[in-house]
Amino acid sequence: MRRLRPVELDFARSAPLRLVFSARLGAPPSAVYAALAEDTGGWARWFTGVAEAVPTDGGAGREVRLTGGTRFLETVLAAQPETRYAYRVDRTNAPVLRALLEDWQLTPEGDGTRLRWTFAADGPGPLRLVLLLARPGLGRAFRGSARALDRRLTRAKSSS
């Protein structure tokens, strides 16, 4: 595992590479936020590519393992109920990555939520190019994950 450059929330606006995706969920912001920030283990059941996610440091961090074997040790930078959940990667086994921050913003939209995911990264030019080329695939993965999360939250609401 390599240590990445520690970044703060402003990196979501200033990163050399920013990929931003958005989707509307039928669930209210409170339910979406709970799934993002409080049900860390649940990520593996709805987020494409996540094999396992566990909270660390009493919820101040997370350890995430992707299906391909990539691991991330993260620090939560923002946990603002119903509005924002953001974290940076501190250590990873992914090669060449210099910094990574993911910022999830939630906005009420009708009786649902507009979910906006910013993937902010830094690395050498070839990595940034690969990530730009991967944008359509990341977008499909995000939209599929958002639909899966929405179905999960809808089922939970209808069973309560």
Side-chain angles (χ1 to χ4, degrees), residues 1-25 29 32-33 35-44 46-109 113-150:
M1 299 274 285
R2 298 179 311 99
R3 183 168 299 281
L4 301 187
R5 178 168 50 95
V7 294
E8 297 301 326
L9 290 172
D10 64 337
F11 190 68
R13 291 184 309 278
S14 65
L17 176 72
R18 294 176 63 247
L19 303 176
V20 181
F21 306 97
S22 177
R24 185 186 187 287
L25 282 71
V32 176
Y33 178 83
L36 292 173
E38 298 165 10
D39 184 18
T40 304
W43 281 63
W46 62 267
F47 196 88
T48 302
V50 172
E52 180 181 38
V54 295
T56 60
D57 299 323
R62 306 176 342 148
E63 181 172 352
V64 176
R65 189 173 47 82
L66 302 182
T67 53
T70 302
R71 290 181 52 218
F72 300 107
L73 297 177
E74 303 168 341
T75 296
V76 175
L77 298 176
Q80 301 163 356
E82 299 185 29
T83 60
R84 188 178 199 187
Y85 185 64
Y87 46 86
R88 72 166 176 243
V89 173
D90 294 318
R91 298 179 67 79
T92 184
N93 61 350
V96 302
L97 194 60
R98 292 182 191 139
L100 177 61
L101 177 128
E102 295 183 44
D103 189 358
W104 299 81
Q105 299 210 4
L106 296 75
T107 307
E109 188 171 288
T113 304
R114 172 63 50 186
L115 180 62
R116 183 172 160 231
W117 176 45
T118 301
F119 180 93
D122 186 16
L127 172 68
R128 293 195 309 262
L129 178 60
V130 166
L131 289 172
L132 278 174
L133 293 172
R135 180 186 181 86
L138 283 171
R140 279 189 301 278
F142 168 76
R143 288 186 300 278
S145 297
R147 283 191 302 273
L149 176 59
D150 204 30

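Not measured: the values here are computed from a predicted model.
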Would you name the heavy atoms of [X] and [Y] that are closest together and state the gap between them?
X	Y	answer
Gly61	Asp57	N-CB, 4.4 Å
Ala120	Ala12	CB-CA, 4.0 Å
Arg143	Pro136	NH2-O, 4.5 Å
Ala121	Pro16	O-CD, 3.5 Å

I need the [X] [atom1] to [Y] [atom2] distance, nearest 0.5 Å.
X	Y	atom1	atom2	result
Leu4	Leu101	CG	CG	11.5 Å
Asp90	Glu74	CG	CD	8.5 Å
Thr48	Arg140	OG1	CZ	11.0 Å
Gln80	Trp104	CD	CH2	16.0 Å

Do Thr118 and Arg18 have a side chain donor and acceptor closer than 3.5 Å?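 Thr118 vs Arg18: no donor-acceptor pair found between side chains.
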Any side-chain heavy atom of [X] within less than 4.5 Å of one from [Y]?
X	Y	answer
Leu100	Thr92	no
Arg114	Gln105	no
Phe119	Leu131	yes
Leu106	Leu115	yes
Trp46	Asp150	no
Leu36	Trp43	yes

Measure from the side-chain N and O atoms of [X] to the backbone N and O of [Y], and report whether any donor-acceptor pair falls under 3.5 Å.
X	Y	answer
Arg2	Leu97	yes
Thr40	Ala53	no
Thr70	Leu66	no
Asp103	Ala86	no
Arg91	Leu73	no

Are Arg62 and Tyr87 in a cation-pi setup, meaning NZ or CZ lies under 6.0 angstrom from the ring centre and within 45 degrees of the ring axis?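 Yes.
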For Leu25 and Leu149, what are the C-alpha separation, side-chain angles and deciding distance, and is it a side-chain contact (heavy atoms from CB on, under 4.5 Å)? CA-CA 8 Å; Leu25 282 71; Leu149 176 59; 3.9 Å; yes
Tell me, please, which residues at least two apart from Asp122 pass salt bridge (charged side-chain N to carboxylate O under 4.0 Å, His left out).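 Asp122 satisfies salt bridge (charged side-chain N to carboxylate O under 4.0 Å, His left out) with Arg5, Arg98, Arg128 once adjacent residues are dropped.
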Applying side-chain contact (heavy atoms from CB on, under 4.5 Å) to Thr107 and Arg116, what does each step give before you reach the verdict? CA-CA 8 Å; Thr107 307; Arg116 183 172 160 231; over 6 Å; no
For residues Phe21 and Trp117, establish whether the separation of their ring centroids is below 6.0 Å.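 Between Phe21 and Trp117, the centre distance is under 6.0 Å.
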Tell me whether Arg135 at atom CZ has more than 12 heavy atoms from other residues, nucleotides or ligands lying less than 6.0 Å away.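 Atom CZ in Arg135 is crowded, with more than 12 foreign heavy atoms closer than 6.0 Å.
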